[in-house]
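So the structure is just underneath, and the comments pick up after that.
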Protein chains: 2
Amino acid sequence: MSGIEDVASLAGVSKATVSRALSGRGYVSAETRLKVSDAAASLGYVVSSSASSLVTGRTNNVGVIIPMINQWFFASILEGVERALLDRGYDLMLYNVTKTVEERLRVFEYFLVRKRVDAVIAVTLEITASETERLLALGKPIVGIGGPLAGIPTLSIDDIAAARLATEHLLLLGHRDVMHVGGDIDEQMDFHVHSKRLMGYQEALTAAGVPHDEHSYVAARFDIPGGYRVGKQILGDPRRRPTAIFAASDEVAIGVILAARELGLSVPDDLSVIGIDNHPLADLFGLTTIEQRPDLQGEQAVAWVIRQLEEPGWTPPGEHTMLPSQLIIRSSTAPPRPRTV
Amino acid sequence: MSGIEDVASLAGVSKATVSRALSGRGYVSAETRLKVSDAAASLGYVVSSSASSLVTGRTNNVGVIIPMINQWFFASILEGVERALLDRGYDLMLYNVTKTVEERLRVFEYFLVRKRVDAVIAVTLEITASETERLLALGKPIVGIGGPLAGIPTLSIDDIAAARLATEHLLLLGHRDVMHVGGDIDEQMDFHVHSKRLMGYQEALTAAGVPHDEHSYVAARFDIPGGYRVGKQILGDPRRRPTAIFAASDEVAIGVILAARELGLSVPDDLSVIGIDNHPLADLFGLTTIEQRPDLQGEQAVAWVIRQLEEPGWTPPGEHTMLPSQLIIRSSTAPPRPRTV
DNA sequence: TAGGATTCTGGAAGCGTTTGCAGACGAGGG
DNA sequence: CCCTCGTCTGCAAACGCTTCCAGAATCCTA
């Protein structure tokens with residue numbers, strides 16, 4: 001491995017000039033710049049990032065804390081973040097933080113603090129006050145996806161509005177017996193998504209004067225099998241069966257659809273189903289849904305974090321930014337079948 | 001941020017001793033070690049990894065090149081790799097390399113070379129000879145998941161054997177009309193998985209003396225909608241319809257099952273379906289499959305790479321290691337329905 | 001008790017960059 | 001014609017660690 005010294009002597013200039021020529025900082029004549037880059041290329045020289053970081057204090061790394069990878073929402077965020085970071089010449093350091101206490105501790109106490117990252121993107125991180133404090137104490141830009149989260153700028157869709165929109169769609173079709181299959185409130189891995197979607201659902205019903213109680217909401221594991229299991233349970237009992245279900249995610253919704261099919265129920269004739277996400281499988285199941293784009297959320301988070309890095313003093317607009325989401329109507333929702341008296 | 005100097009003066013020792021005490025290298029008395037770690041803790045000191053890397057030449061980073069994240073197989077590998085690396089105190093640098101030529105170039109020419117990683121794990125990387133050469137030229141440990149790949153150690157399941165096993169299971173049940181829905185040979189994102197699974201299928205049929213031709217194999221996009229589309233196509237035509245389908249992945253198999261259901265066909269009464277993976281959804285669909293554990297493959301790759309790092313000269317056993325995989329029988333396969341004459 | 005081996009510690013020399021400072025040079029304005 | 005200003009370059013001092021080396025203290029062993 002050749003160092004800057006070798007390039008300097010080959011190009012017939014000093015190390016300082018090589019550094020300036022290659023980094024584009026400070027004055028270098030066009031002619032010298034060319035000589036230097038030729039020399040560097042012919043030697044296959046690349047700057048040592050450790051040496052460079054040591055003096056500049058910048059690592060060109062961004063740490064990403066994410067609770068899981070193997071799920072559409074999270075994987076999409078990660079893809080978006082990765083793409084955006086690489087585009088801007090930053091590297092991505094991945095920290096998959098699960099529920100385990102010791103793992104969380106390790107990441108917070110140890111990894112993030114070692115001067116390895118310039119900034120942090122925290123994805124739906126349920127975080128304690130002391131952890132927030134620790135992150136802020138780093139003095140590094142940090143943006144959360146999800147939220148809101150006291151003290152750090154976050155972005156997400158407006159979960160309440162999205163849930164309201166979904167529920168209103170069902171109400172508008174004429175449904176009066178709408179159940180909500182959501183995530184377990186006690187088990188939300190993130191910033192209260194589950195309770196916010198439940199809230200939006202309740203708001204819509206209340207506004208429309210449609211009665212609802214605690215039996216209108218059932219918790220499910222947040223994936224297809226989870227939706228399936230709850231779907232089987234709810235739909236198996238004809239007296240309990242609603243005319244429409246608002247599922248808190250497309251995966252749950254698809255599980256419900258599978259359960260309905262298995263019970264011989266037609267969607268949407270016997271049951272309307274709506275979800276949230278616009279998951280890649282939504283189209284296959286004709287699922288009406290509220291779209292969100294986690295990849296774009298990832299890109300946005302990167303943009304903010306980089307902007308803070310390159311323009312000190314700048315801060316993201318507002319504590320919690322809500323991205324728009326829109327209704328996509330497919331074939332899983334329809335007016336309720338006229339009641340056979 | 002306090003430096004080693006501060007810790008040294010607080011503990012009343014030299015920088016050298018602090019370094020030794022904290023890193024555990026060289027002689028330090030128990031008493032001094034304690035003083036030093038107390039001082040470090042009270043100052044919130046952590047070593048600067050740039051400074052440390054600069055002198056040791058080690059970054060404690062491992063680069064992971066992966067073609068996609070949003071798919072069970074890849075996400076699982078990534079989770080396995082991440083967990084294993086963090087456990088050993090290494091950080092993970094993520095490079096999501098898609099098909100784009102310029103992106104590949106950028107990663108190979110630029111990112112990996114900047115002295116930022118100690119080793120590389122390449123996941124199902126379809127790689128040119130010159131790229132391989134470039135990777136090897138880094139002189140850094142590198143392990144591939146997938147393979148084989150000339151010159152670098154790789155690991156994967158034995159795709160041919162797995163496909164053979166799956167096909168044999170169908171043959172053993174008495175099927176003679178078995179089709180294969182696989183990936184597009186021309187589009188394989190990785191180390192010839194698709195052609196190897198096709199080959200295993202053909203081998204099994206040939207060995208059993210069951211005739212097969214180019215019409216026995218149909219290419220599908222490698223996901224649920226892909227399997228669904230091809231399933232609709234194959235199963236829609238009663239004259240063409242086989243009694244069993246071996247799908248090259250569980251996602252494709254699930255798509256086929258969905259198509260069959262939609263056509264009013266019963267699985268397994270009218271059609272047996274088997275896949276490969278043991279995807280989380282396999283259980284929900286009662287899918288018989290050949291299990292593989294991408295997370296363990298990831299962990300294994302990490303183990304090899306770290307061992308090479310910590311024990312110079314050691315190399316993984318063999319060029320291409322094949323992991324065992326096993327048949328999991330569920331309800332999607334059964335003997336063919338007796339022919340109604 | 002002497003002498004070597006072992007344990008412990010500090011000084012100082014790097015590791016490979018970036019950057020402040022100063023000097024050199026040419027151009028342009030008064 | 002002199003002075004200033006903008007451009008260009010090199011010297012040398014960091015940046016914050018690790019580690020070689022040498023010296024001191026302690027412990028065994030003969």
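Reminder, nothing fancy here: chain letters follow the sequence lines and each chain counts from 1. Keep in mind it's a predicted model, so treat the numbers as computed, not measured.
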Can you measure from [atom1] ([X]) to [atom2] ([Y]) and round to the nearest 0.5 angstrom?
X       : Y       : atom1 : atom2 : result
B:Leu54 : B:Ser48 : CG    : OG    : 9.0 Å
A:Asn96 : A:Phe74 : CG    : CZ    : 10.0 Å
A:Asp91 : A:Asn61 : CG    : CG    : 5.5 Å

- Message: Surrounding CD of B:Glu310 (heavy atoms of other residues, nucleotides or ligands, distance under 6.0 Å), is the total greater than 12?
- Response: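 Above 12, so yes.
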Is there side-chain contact between [X] and [Y], with at least one heavy-atom pair below 4.5 Å?
X       : Y       : value
A:Asp6  : A:Ile4  : no
B:Glu5  : B:Val18 : no
A:Thr32 : A:Val13 : yes

- Query: Taking atom types as modelled and ignoring hydrogens, do the side chains of A:Ser50 and A:Ser53 form a donor-acceptor contact shorter than 3.5 angstrom?
  - Reply: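 There is no such pair between these side chains.
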- Is it true that the side chains of B:Asp295 and B:Ser76 contain a donor and an acceptor less than 3.5 Å apart?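 No.
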- Nucleotide range of DNA chain D lying under 4.0 Å from chain B heavy atoms: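 Extent of the interface on DNA chain D: D:dG16 to D:dC20.
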- Mind grabbing the angle between the end helix axes of the helix from C:dT1-D:dA30 to C:dG30-D:dC1? Five pairs an end, 10° rounding.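 Rounded to the nearest 10 degrees, the bend comes out at 30°.
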- Reading nucleotides 8-24 of chain C from 5' to 3' and marking B where a protein heavy atom lies under 4.0 Å of the base, S where only the sugar-phosphate is that close, and - otherwise, the string is BBBB--BBBBBBB----
- Give a yes or no on whether the backbone of A:Lys15 and the side-chain of A:Ser19 come within a donor-acceptor separation of less than 3.5 Å.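 It does not hold such a pair.
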